[in-house]
Structures are given as structure tokens and as C-alpha cells.
Amino acid sequence: MIMSKECESYIREKVTTYLLEIGMAANLQGFKYIRDAVLYIVHDPRYKRGVTKRLYPTIAEKYEVSVSIVERAIRHAIDVCCARGNMLSLNRIFQYTVCDVDYKPTISEFISLISEKVKGDAREFEITRMLSSDNGEV
């Protein structure tokens, strides 16, 4: 997905806002790994098909940790979020029950949900930006 610098900044901010809003603690290592995973997927959807073979190794290399540390940190962040997070916000953002007593999403599902939500927001942002520049407002 090709996007402007403003849109890239907007996407990063949106991902961070969603994670904080659903109750994911920013001090967890998994927080930054999830944020990066979503950003990678938004930029290149092929990462979604290669979570363990491509996405985790890319993030691990960036932070100079092992792939297993990345996976474990992301899983822990999702577990904590489902156990102690803001379920109302989580369900409102994704428009259905994501975490339940009997169910929590897989890492791929969780990252995909956020990625798709952010992609939609990015499209709206770019359209609004283009429309306002056509009207001479930028």
C-alpha cells in the first residue's frame, strides 16, 4: 500500500491508540511487536500469510531478539488484554466479541483484525486528504 508520510504517521498513531484503548499496556514488549506487525501488514499484506516464517523474523531482527521471544511477547500481550483489557472498547472497535470466557483470538487473528481496521481508517484519511486538497484546503 503506497501512502503519504502524513498517512503513515496517522496509521502508526491509530494502531497505538487502538491498542491503548482496548487496554493493552504500553509497557509490554508485545505492544511494540504488535504495533510493528500491524504496520508491516498494512504496508505489505503478504506478511499476513507468513506470520511465523516472515513477520516474526522481521520483527525479531529489528529488535535483535529471537523469533520465539517475539511470538511469546505478542501472545502474552494478547492474553493480558483479553483478561484485563477494556472489553467494551475491544468489541466496539471490531464490532463483535473478540475475547470471551471460552475464546481468545490467535495471534494472526488479532493482528489481522487490527490491520484491517487500520487499513480502512487509512483509506478514509487519504480520501479526506485528497478531497480537501482538491478544494484548496491543504
Discussion item. Rounded at 0.5 Å granularity, tell me how far CD1 in Ile69 sits from NE2 in His76.
Written reply: 14.0 Å
Less than 4.5 Å apart, any side-chain heavy atom of [X] and any of [Y]?
X      : Y      : result
Val118 : Val42  : yes
Ile78  : Ile107 : yes
Val80  : Phe31  : no
Val15  : Ile34  : no
Leu19  : Ile114 : yes
Lys48  : Ser108 : no

Item to complete: Return the set of residues passing ring-ring contact (aromatic ring centres under 6.0 Å, His included) with Tyr47 (not counting sequence neighbours), or none when no residue passes.
Response: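 If we apply the ring-ring contact (aromatic ring centres under 6.0 Å, His included) test to Tyr47, skipping adjacent residues, the hits are Tyr40.
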Item to complete: In plain terms, say whether Glu8 and Arg12 are close enough for a salt bridge, that is, a side-chain N and a carboxylate O under 4.0 Å apart.
Response: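 Salt bridge: no.
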Worksheet item: Are the charged groups of Asp44 and Arg54 less than 4.0 angstrom apart, N to O?
Response: yes
Item to complete: Could you tell me whether a side-chain N or O of Glu109 sits under 3.5 Å from a main-chain N or O of Thr106, the two making a donor and an acceptor?
Response: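 Checking the backbone N and O of Thr106 against the side chain of Glu109, a donor-acceptor pair under 3.5 Å is found.
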Check [X] against [Y] and note the closest heavy-atom contact, atom names and distance.
X      : Y      : result
Leu20  : Ala26  : CD2-CB, 3.9 Å
Leu28  : Ala77  : CD1-CA, 3.9 Å
Pro57  : Val67  : CA-CG2, 3.8 Å
Met24  : Cys81  : CE-CB, 4.0 Å
Pro105 : Phe110 : CG-CD1, 3.9 Å
Ala73  : Gln29  : CB-CB, 4.1 Å

Worksheet item: Looking at the rings of Tyr33 and Tyr63, which for Trp means the six-membered one, are their centres under 6.0 Å apart?
Response: yes
